[in-house]
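Notes follow the structure.
Basis for what follows: all heavy atoms, side chains included, without hydrogens, waters or symmetry-related copies. Just so it is clear, the structure is predicted and the values come from calculations on it, not from any experiment.
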Amino acid sequence: MRTNEERAALVRQRAKEIKEEQRRKKHKIQMTVLSGVSLAACLCILVVIGSVMPRLTAGFGEAPVSHTSGVASLLAGSEALGYVMMAILAFLLGICVTLLLHVIHRRKQRQMHESDAKASDPKESGENG
C-alpha cells in the first residue's frame with residue numbers, strides 16, 4: 001500500500017504530464033496556424049509580385065527593344081528568363097520564411113525550457129527544505 005506522500009507525488013507527476021500534453025497541443029496548434037498564415041502571406045506576395053511585374057516593366061516599353069513577344073523578354077533575349085527570375089524570387093522567399101519559422105520555433109522551445117527550469121527549481125527547493 002502506498003503512503004500519502006507517494007500518492008501526492010504521483011498526483012503531482014500526473015499533473016505535470018497533463019500540463020505538458022496541453023502545452024504540446026497548444027504549441028502544435030500555434031505552429032499550424034503560423035504555418036498557414038505564412039503560406040497565405042507567401043502566396044499573396046507571389047500574386048502581388050506577379051501582377052505588379054507587368055506594370056513595372058511597362059515603362060521599359062519606350063526603350064529600344066527589338067522583340068516584344070512578352071514582358072519576360074524585356075529582361076533578356078528569351079521569354080523564359082522572367083519566369084526563371086520569378087521562380088528564384090519565390091524560392092528565396094520560401095527560404096526566408098522557413099528560416100523565420102525555424103528561429104521562432106527555437107525561441108519558443110528555449111522559452112519553454114527556461115519556464116520549466118524556473119518552475120521546477122522553487123518546487124524542488126521547497127520539497128527538500
Side-chain angles (χ1 to χ4, degrees):
M1 196 159 191
R2 294 185 178 159
T3 65
N4 286 339
E5 291 178 16
E6 290 173 340
R7 286 188 215 138
L10 288 173
V11 168
R12 283 192 297 268
Q13 181 181 358
R14 181 62 184 144
K16 274 186 180 179
E17 290 173 3
I18 290 172
K19 285 181 183 179
E20 183 66 28
E21 288 174 18
Q22 289 174 345
R23 187 170 18 151
R24 281 188 202 136
K25 286 179 184 179
K26 184 178 177 182
H27 181 67
K28 186 176 180 180
I29 290 170
Q30 288 175 343
M31 293 309 290
T32 303
V33 169
L34 186 60
S35 297
V37 170
S38 299
L39 177 65
C42 289
L43 289 175
C44 289
I45 290 171
L46 287 176
V47 168
V48 168
I49 289 173
S51 65
V52 171
M53 182 82 101
R55 292 184 196 138
L56 292 176
T57 57
F60 297 136
E62 298 150 4
V65 177
S66 60
H67 51 282
T68 58
S69 59
V71 176
S73 64
L74 292 173
L75 299 173
S78 67
E79 294 180 22
L81 184 61
Y83 296 106
V84 170
M85 288 180 63
M86 276 298 280
I88 291 171
L89 288 173
F91 181 72
L92 291 174
L93 180 64
I95 289 172
C96 291
V97 169
T98 302
L99 290 175
L100 175 68
L101 290 175
H102 181 68
V103 167
I104 291 172
H105 179 70
R106 289 189 67 188
R107 187 176 295 158
K108 285 271 192 185
Q109 281 183 335
R110 198 175 308 131
Q111 288 174 351
M112 284 192 299
H113 290 301
E114 288 175 0
S115 66
D116 285 346
K118 288 179 183 177
S120 65
D121 285 341
K123 287 181 183 178
E124 290 177 4
S125 63
E127 291 175 2
N128 293 335

So does R24 pair up with E21, basic N to acidic O under 4.0 Å? no
So CD of Q13 and CD1 of I18: to nearest 0.5 Å the spacing works out to 11.0 Å
Contact between T3 and E6 at the side-chain level, heavy atoms closer than 4.5 Å - yes or no? yes
Any side-chain heavy atom of K19 within less than 4.5 Å of one from R23? no
Should we count CD of E5 as having more than 12 external heavy atoms under 6.0 Å? no
Check: Q30 and K108 side chains under 4.5 Å, non-hydrogen atoms: yes
Test log, rule side-chain contact (heavy atoms from CB on, under 4.5 Å), inputs Q111 and R107: CA-CA 6 Å; Q111 288 174 351; R107 187 176 295 158; 4.0 Å; yes
Smallest heavy-atom separation, L101 atom then M31 atom, equals O-CE, 4.5 Å
Any chance you could measure E17, atom CD, to L10, atom CG, to the nearest 0.5 Å? 9.5 Å
For C42 and V97, the nearest pair of non-hydrogen atoms, with its separation, is SG-CG2, 3.3 Å
Verdict with supporting geometry, H105 and H27, side-chain contact (heavy atoms from CB on, under 4.5 Å): CA-CA 9 Å; H105 179 70; H27 181 67; 3.3 Å; yes
Spacing of L34 atom CG and L39 atom CG [to the nearest 0.5 Å]: 11.5 Å
Would you say L43 and I45 are hydrophobically clustered, going by side-chain heavy atoms of ILVMFWY under 4.5 Å? no
Within the 3.5 Å criterion, strictly below it, is a donor on H113 or Q109 matched to an acceptor on the partner's side chain? no
